*Asks:* 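Quick one: structure below, then a few questions.
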Amino acid sequence: MNLFTTLQHLVPQQKLSELAGKLAASQQPLVKTALIHGFARAYGIDLDDYARGSLRQYQSFNDFFTRELKTDRRPIADALNAIACPADGVISQLGTISDGKLLQAKGREYEVGQLVADYALGKALQDGSFATVYLAPTNYHRVHMPFDGRLVETIYVPGQLFSVNDVTANHVPDLFARNERCVCVFDTAFGQACVVMVGAMIVAGIETVATGKLRRGDQIIRQSHDLVLPKGAELGRFYLGSTAIVLLPASAQTAWLPTLQHGQAVQMGEALGTLQTNHFKKS
């Protein structure tokens, strides 16, 4: 374990994130202006892609951080069997769920059943496929649907709040299955699939269109839903950056694009791969 990850075991992760959440939600002019302008300056934020083009138009740092795009800025892969990227970011890992495990980093794997906090659901995803997209602080921070689906359940899973990046992926065992997360479970034309939104250090919250902003707690919370969401529709958002993991069953017969690799920049809506075409019928 290196110094960076050792320190994260020692700091009060929840308290730091709670404090960050209060500051990020503040609409007090001095606080919000300092945070928004300081962040935009530090990271060179360009608002050309966004619906509100002036920093003065945002009511809080959270409002700025979850800023909405202009409607034409992220075209959605329109082929019926295309898998759309759920978020702006970089590819962390992608591949096959082999022996019930996903690749976290070279030499490190973790169990899908542990990730989704449901071993029966994990078993249903056995031999399926996964793609992990890491969102940096500079990215667009809304998560969108990679496929058409009916949201049938969300599972809030309390956990730790390690940073999520290459350093922690290489040094913290079961990183994504240890951090706080929200598992979104879908019924689809090709079987049961999931999008997992994983929290991280200083992440002030996770929100979905079905639940609103999730309240932190120490118990797993399962909620049933019946919400049809087309590919490209907004699913949720992060209040500060983290990771989105797409989980697809073996029945989807996923083929990831061969050009995708670890560390590759991607944008929400672009094609990551394809599903077996016989699942889809044109209307």
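Basis for what follows: all heavy atoms, side chains included, without hydrogens, waters or symmetry-related copies. FYI, the numbering just counts along the sequence from 1. Predicted model only: the values in this text are computed from it and were never measured.
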*Asks:* Any chance you could measure Leu55, atom CG, to Ile45, atom CD1, to the nearest 0.5 Å?
*Replies:* 9.0 Å

*Asks:* Excluding sequence neighbours, so at least two apart, what forms side chain to side chain contact (heavy atoms under 4.5 Å, CB included) with Pro230?
*Replies:* Asp148, Ala233

*Asks:* About how many Å separate CD of Gln267 and SG of Cys85, when rounded to the nearest 0.5 Å?
*Replies:*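 One gets 9.0 Å once the value is rounded to the nearest 0.5 Å.
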
*Asks:* How far apart are the closest heavy atoms of Leu248 and Ala193, and which atoms are they?
*Replies:*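 Of all heavy-atom pairs spanning Leu248 and Ala193, the closest is CD2-CB, 4.1 Å.
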
*Asks:* Sequence neighbours left out, what pairs pass side chain to side chain donor-acceptor pair (under 3.5 Å) with at least one residue falling in residues 43-56?
*Replies:* Asp49-Arg73, Asp49-Arg74, Arg52-Asp63, Arg52-Glu68

*Asks:* Less than 4.5 Å apart, any side-chain heavy atom of Leu47 and any of Tyr58?
*Replies:* yes

*Asks:* Is a donor on one side and an acceptor on the other found under 3.5 Å between the side chain of Asn179 and the backbone of Gly199?
*Replies:*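 Yes: the side chain of Asn179 pairs with the backbone of Gly199.
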
*Asks:* Just checking Phe186 against Phe147, ring centres under 6.0 Å apart?
*Replies:* yes

*Asks:* Above 12 or not: heavy atoms from other molecules or residues under 6.0 Å from NZ of Lys101?
*Replies:* no

*Asks:* Is the ring centre of Tyr239 less than 6.0 Å from the ring centre of Phe61?
*Replies:*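 No; Phe61 has its ring centre 6.0 Å or more from that of Tyr239.
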
*Asks:* Could you tell me whether the side chain of His141 and the main chain of Asn139 form a donor-acceptor pair under 3.5 Å?
*Replies:*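 Side chain of His141 to backbone of Asn139, a donor-acceptor pair under 3.5 Å: yes, one is there.
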
*Asks:* Between Pro158 and Gln219, is any pair of side-chain heavy atoms under 4.5 Å apart?
*Replies:* no

*Asks:* With a 3.5 Å distance limit and no angle check, can you tell me whether Arg178 reaches the backbone of Pro173 through a side-chain donor-acceptor pair?
*Replies:*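 Yes: the side chain of Arg178 pairs with the backbone of Pro173.
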
*Asks:* State whether the number of non-hydrogen atoms from other residues, nucleotides or ligands found under 6.0 Å of Lys123 atom NZ is greater than 12.
*Replies:*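 No, NZ of Lys123 has 12 or fewer neighbouring heavy atoms, counting only those of other groups under 6.0 Å.
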
*Asks:* Can you find a pair of side-chain heavy atoms, one from Gln192 and one from Pro249, that are under 4.5 Å apart?
*Replies:*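 They are not in contact (no side-chain heavy atoms under 4.5 Å apart), so the answer is no.
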
*Asks:* Examine distances only and state if a side-chain atom of Gln223 and a backbone atom of Glu153 form a donor-acceptor pair shorter than 3.5 Å.
*Replies:* no

*Asks:* Do Glu207 and Cys182 come within less than 4.5 Å of each other through their side chains, counting heavy atoms only?
*Replies:*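 Answer no - side chains too far apart.
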
*Asks:* Could you please spell out the steps behind the side chain to side chain contact (heavy atoms under 4.5 Å, CB included) verdict for Lys32 and Ser26?
*Replies:* CA-CA 6 Å; Lys32 74 165 188 174; Ser26 174; 5.7 Å; no

*Asks:* Would you please say whether a donor-acceptor pair under 3.5 Å links the side chains of Ser92 and His262?
*Replies:*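 There is no such pair (donor and acceptor under 3.5 Å, judged by atom type) between the side chains of Ser92 and His262.
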
*Asks:* If only atom types and distance count, is the side chain of Arg67 paired as donor or acceptor with the main-chain N or O of Phe64 below 3.5 Å?
*Replies:* yes

*Asks:* Which label fits Phe39 and Phe65: parallel for a plane angle under 30°, tilted from 30 to 60°, or perpendicular past 60°?
*Replies:* perpendicular

*Asks:* I'd like to know if the side chain of Gln57 reaches the main chain of Gly53, judged simply by a donor and an acceptor atom lying under 3.5 Å from each other, with no hydrogens or angles considered.
*Replies:* yes

*Asks:* Could you walk me through whether Ile245 and Leu115 pass the side chain to side chain contact (heavy atoms under 4.5 Å, CB included) test, one step at a time?
*Replies:* CA-CA 10 Å; Ile245 305 174; Leu115 174 67; 4.2 Å; yes

*Asks:* For the CD1 atom of Ile83 and the CG atom of Asn81, what is their distance to the nearest 0.5 Å?
*Replies:* 8.5 Å

*Asks:* For a 4.5 angstrom cut-off between non-hydrogen side-chain atoms, does Ile221 reach Thr211?
*Replies:*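 No - every pair of side-chain heavy atoms lies 4.5 Å or more apart.
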
*Asks:* Distance check, rounded to the nearest 0.5 Å: Ile97 atom CD1 versus Gln126 atom CD?
*Replies:*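 Atom-to-atom, Ile97:CD1 and Gln126:CD are 8.0 Å apart.
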
*Asks:* Within the distance-only criterion (no hydrogens, no angle test), does the side chain of Gln28 pair as donor or acceptor with the backbone N or O of Leu30 below 3.5 angstrom?
*Replies:*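 Yes, the answer is positive, given that a donor and an acceptor are paired below the 3.5 Å cut-off.
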
*Asks:* For Glu180 and Tyr156: C-alpha separation, side-chain torsions, deciding distance, then whether side-chain hydrogen bond (donor to acceptor under 3.5 Å, both in side chains) applies.
*Replies:* CA-CA 8 Å; Glu180 179 184 63; Tyr156 166 76; 2.7 Å; yes

*Asks:* With respect to Asp187, which candidate in Asp226, Val228, Val152 satisfies the side-chain contact (heavy atoms from CB on, under 4.5 Å) definition?
*Replies:* Val152

*Asks:* Between the main-chain N or O of Thr66 and the side-chain N or O of Arg142, is there a donor-acceptor pair closer than 3.5 Å?
*Replies:*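 A pair under 3.5 Å: yes.
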
*Asks:* Counting only N and O atoms by type, is there a donor-acceptor contact under 3.5 Å from the side chain of Asp118 to the main-chain atoms of Ala120?
*Replies:*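 Yes, the answer is positive, given that a donor and an acceptor are paired below the 3.5 Å cut-off.
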
*Asks:* For the side chain of Ser251 and the backbone of Phe190, is there at least one donor-acceptor N/O pair under 3.5 Å apart?
*Replies:* yes

*Asks:* Listed by chain and number, what are the side chain to side chain donor-acceptor pair (under 3.5 Å) partners of Thr274, not counting sequence neighbours?
*Replies:* none

*Asks:* Would you please test Gln93 and Leu102 for side chain to side chain contact (heavy atoms under 4.5 Å, CB included) and show each step?
*Replies:* CA-CA 9 Å; Gln93 299 291 341; Leu102 294 75; over 6 Å; no

*Asks:* Using the side chain to side chain contact (heavy atoms under 4.5 Å, CB included) rule, take Leu94 and Thr132 through it: C-alpha gap first, then chi angles, then the decisive distance, then the call.
*Replies:* CA-CA 6 Å; Leu94 81 170; Thr132 304; over 6 Å; no

*Asks:* Rounded to the nearest 0.5 Å, what's the gap from OG1 on Thr259 to CD on Gln261? Could you check?
*Replies:*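 Between Thr259 OG1 and Gln261 CD, I get 8.5 Å after rounding to 0.5 Å.
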
*Asks:* Leu35 versus Leu23: any side-chain heavy-atom pair under 4.5 Å?
*Replies:*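 Heavy-atom side-chain distance check passes, below 4.5 Å.
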
*Asks:* Around atom CG of Asp72, are there more than 12 heavy atoms of other residues, nucleotides or ligands at under 6.0 Å?
*Replies:* yes

